[in-house]
Number of protein chains: 2
Amino acid sequence: MVKRKWKEIFHSFDKRPTPSRCAILEVFEEGKRHLSAEEVYEQLRRKNKKVGIATVYRNLDLLSRMGILRRVNFGDGREHYELVQPSETHHHHLVCVNCGRVIDYSELMDEEREFLDRLEKELEKKHNFRIQSHQVYFYGLCKNCQ
Amino acid sequence: MVKRKWKEIFHSFDKRPTPSRCAILEVFEEGKRHLSAEEVYEQLRRKNKKVGIATVYRNLDLLSRMGILRRVNFGDGREHYELVQPSETHHHHLVCVNCGRVIDYSELMDEEREFLDRLEKELEKKHNFRIQSHQVYFYGLCKNCQ
DNA sequence: CTAGGTGCAAAGCATTTGCACCAAG
DNA sequence: CTTGGTGCAAATGCTTTGCACCTAG
């Protein structure tokens, strides 16, 4: 089931909540995080949804432009996508430089948001730049790779 | 001229400071920032250094693994590289989502470092993760694109 | 000499595009 | 019936690799 809110977003962009698009959103709704296009395609096949890989790419791009998904890049040579949670203004990752494992974290988010908000205001003024979002990545070794 | 410190790093990795490698480092030393492989290649041609593009890729990778360069990704489909400044433990960017322009900034770095250091310690303990570095990206519209 | 480096061309991958066909408003 | 959406295959673009040749220690 695709949330009413999403249908509204689709219509506000003059786009249709097609079966392919809903199926893709369902994959992310089921708890899968930061998936690559190929991984989304794989999940769809596993659920017996036949969607071409080109359609997956086109819709991941569309959903990102609509603000439903967010592109993230972990330096493994392909784009990954994750659901933008309604209450969330940003989202951060620990990336293992050895095995590529990615951990999402939310520690100290309040403090972090407070600090980054202040920094954003400063940067906007100084560089005449309108900041829309930000991403923070930590790189290192996960417990298995140390 | 390639700094003595770099030669030492090369030798500690059992690699040679070849003309190609020195020429690549010189491009970055001349103030060029976050260049793609193709852009490095172009700069070399402009300086009449004949280095194959494959060698550029191989050496950008090598220099990154040696910690002399850092890979950065601005979401434009290719990797970029920049010099790691000796005194610098991290480096941040404002990326224009419209034209792709990238601004480096250094405001509030002390406060930022203090905050991020604290966050890193917390994350390391909680996730048993050994953090080596981090990157912060702000996305938005530059003054020309607003 | 001998391992490390390089250039060139070919190969590899992730992603995009052209086009004919399908489907919803 | 007309615009938007899709599948398929071909094309693209960045990056890597195989291999023969070159070069510094």
Side-chain angles (χ1 to χ4, degrees), chain A residues 2 6-27 34-45 47-66 68-81 100, chain B residues 2 6-27 34-45 47-66 68-81 100:
Chain A
V2 171
W6 286 341
K7 297 213 175 184
E8 287 167 14
I9 300 178
F10 276 114
H11 287 120
S12 76
F13 276 81
D14 278 307
K15 300 291 176 185
R16 302 173 191 157
T18 65
S20 303
R21 290 168 183 168
C22 295
I24 290 171
L25 285 173
E26 274 165 23
V27 168
H34 39 72
L35 299 171
S36 67
E38 201 65 43
E39 286 166 341
V40 171
Y41 180 67
E42 212 172 279
Q43 292 296 322
L44 291 172
R45 310 206 91 246
K47 300 175 68 180
N48 278 58
K49 313 267 180 175
K50 340 175 194 36
V51 183
I53 188 71
T55 298
V56 172
Y57 274 104
R58 278 187 283 238
N59 285 330
L60 289 174
D61 179 58
L62 175 66
L63 292 165
S64 300
R65 283 185 286 111
M66 298 198 311
I68 294 178
L69 297 181
R70 171 197 300 119
R71 277 196 161 84
V72 288
N73 188 300
F74 302 131
D76 64 347
R78 56 195 136 165
E79 296 289 340
H80 292 250
Y81 300 82
Chain B
V2 171
W6 285 341
K7 298 214 175 185
E8 288 168 13
I9 300 179
F10 276 113
H11 287 120
S12 76
F13 276 82
D14 280 308
K15 301 290 174 185
R16 301 173 192 156
T18 65
S20 305
R21 291 168 182 168
C22 295
I24 290 172
L25 284 173
E26 274 165 22
V27 168
H34 40 74
L35 299 171
S36 66
E38 201 66 42
E39 287 166 340
V40 171
Y41 180 66
E42 211 172 278
Q43 293 296 322
L44 291 172
R45 309 206 92 244
K47 301 175 69 181
N48 279 55
K49 313 268 182 173
K50 336 175 196 37
V51 183
I53 187 71
T55 298
V56 172
Y57 274 104
R58 278 188 283 239
N59 284 332
L60 289 175
D61 180 59
L62 175 66
L63 292 165
S64 301
R65 282 184 288 110
M66 298 197 311
I68 294 178
L69 296 182
R70 172 197 302 119
R71 278 196 160 84
V72 288
N73 187 300
F74 302 131
D76 63 346
R78 57 195 137 165
E79 296 289 340
H80 293 251
Y81 300 83

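Predicted model, so just to flag it, every value in this text is computed and none were measured. Chain letters run A, B, ... following the sequence lines, proteins first and then strands; every chain starts at 1.
- Across the helix from C:dC1-D:dG25 to C:dG25-D:dC1, the helix axis at one end is tilted relative to the axis at the other end by 30° (nearest 10 degrees, each axis from five pairs).
- Side-chain contact between A:Pro17 and A:His11 is present, with heavy atoms from C-beta onward closer than 4.5 Å.
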Under 3.5 Å, which donor-acceptor pairs link side chains of residues 38-45 of chain B to any protein atom two or more places apart or in another chain?
from	atom 1	to	atom 2	distance (Å)
B:Glu39	OE1	B:Ser36	N	2.7
B:Glu39	OE1	B:Ser36	OG	3.3

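- Here the straight-line distance linking atom CD1 of A:Ile68 with atom CD1 of A:Ile24 works out to 11.0 Å at 0.5 Å rounding.
- Counting to the nearest Å, the C1' atom of C:dG5 and the CZ atom of B:Arg21 are 6 Å from each other.
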Quick test: give all pairs of protein nitrogen or oxygen and nucleotides 10-12 of chain C nitrogen or oxygen below 3.5 Å, distance rounded to 0.1 Å.
none

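- Nucleotide C:dG4 holds its C1' atom 13 Å from the CZ atom of B:Phe10, rounded to whole Å.
- The phosphate of C:dG5 has neither OP1 nor OP2 within less than 4.0 Å of any side-chain N or O from B:Thr55.
- Among residues two or more places apart in sequence or in another chain, the salt bridge (charged side-chain N to carboxylate O under 4.0 Å, His left out) test is passed with B:Arg65 by B:Asp61.
- To the nearest 0.5 Å, atoms NZ (B:Lys15) and CZ (B:Arg21) are separated by 6.5 Å.
- In this structure, A:Asn59 reaches the sugar-phosphate backbone alone: every heavy-atom distance under 4.0 Å involves primed, P, OP1 or OP2 atoms, never a base.
- For the pair A:Tyr41 OH and D:dC8 P, the computed distance is 7 Å after rounding to whole Å.
- Ring planes of A:His34 and A:Phe74: perpendicular class, angle over 60° (limits at 30 and 60°).
- Note that CG of A:Leu62 and CZ of A:Phe13 are 8.0 Å apart. Values are rounded to the nearest 0.5 Å.
- Applying the 4.0 Å criterion to OP1 and OP2 of D:dG5, one finds that A:Lys15 has a side-chain N or O inside that range.
- Between B:Lys49 and B:Val27 there is no side-chain heavy-atom pair separated by less than 4.5 Å.
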Walk along nucleotides 15-25 of chain C from 5' to 3' and tag each nucleotide B, S or - by protein heavy-atom contact under 4.0 Å, base first, then sugar-phosphate. BBBB-----S-
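- Atoms CG (B:Leu35) and C1' (D:dT15) sit 17 Å apart, rounded to a whole Å.
- Each of A:Ser20 and B:Asp76 lies near DNA chain D, and the nucleotide nearest A:Ser20 is the one positioned closer to the 5' end.
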Which side-chain N or O atoms in residues 50-58 of chain B pair as donor and acceptor under 3.5 Å with protein atoms at least two apart or in another chain?
none

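- Note: CD (A:Glu39) to P (C:dA14) measures 11 Å, nearest angstrom.
- For the pair A:Glu79 and A:Asn73, the minimum side-chain heavy-atom distance is below 4.5 Å.
- A distance of 5.5 Å separates OH of A:Tyr81 from CG of A:Leu60, quoted to the nearest 0.5 Å.
- Remark: A:Thr18 is not in phosphate contact with D:dG5, judged by side-chain N or O atoms under 4.0 Å from OP1 or OP2.
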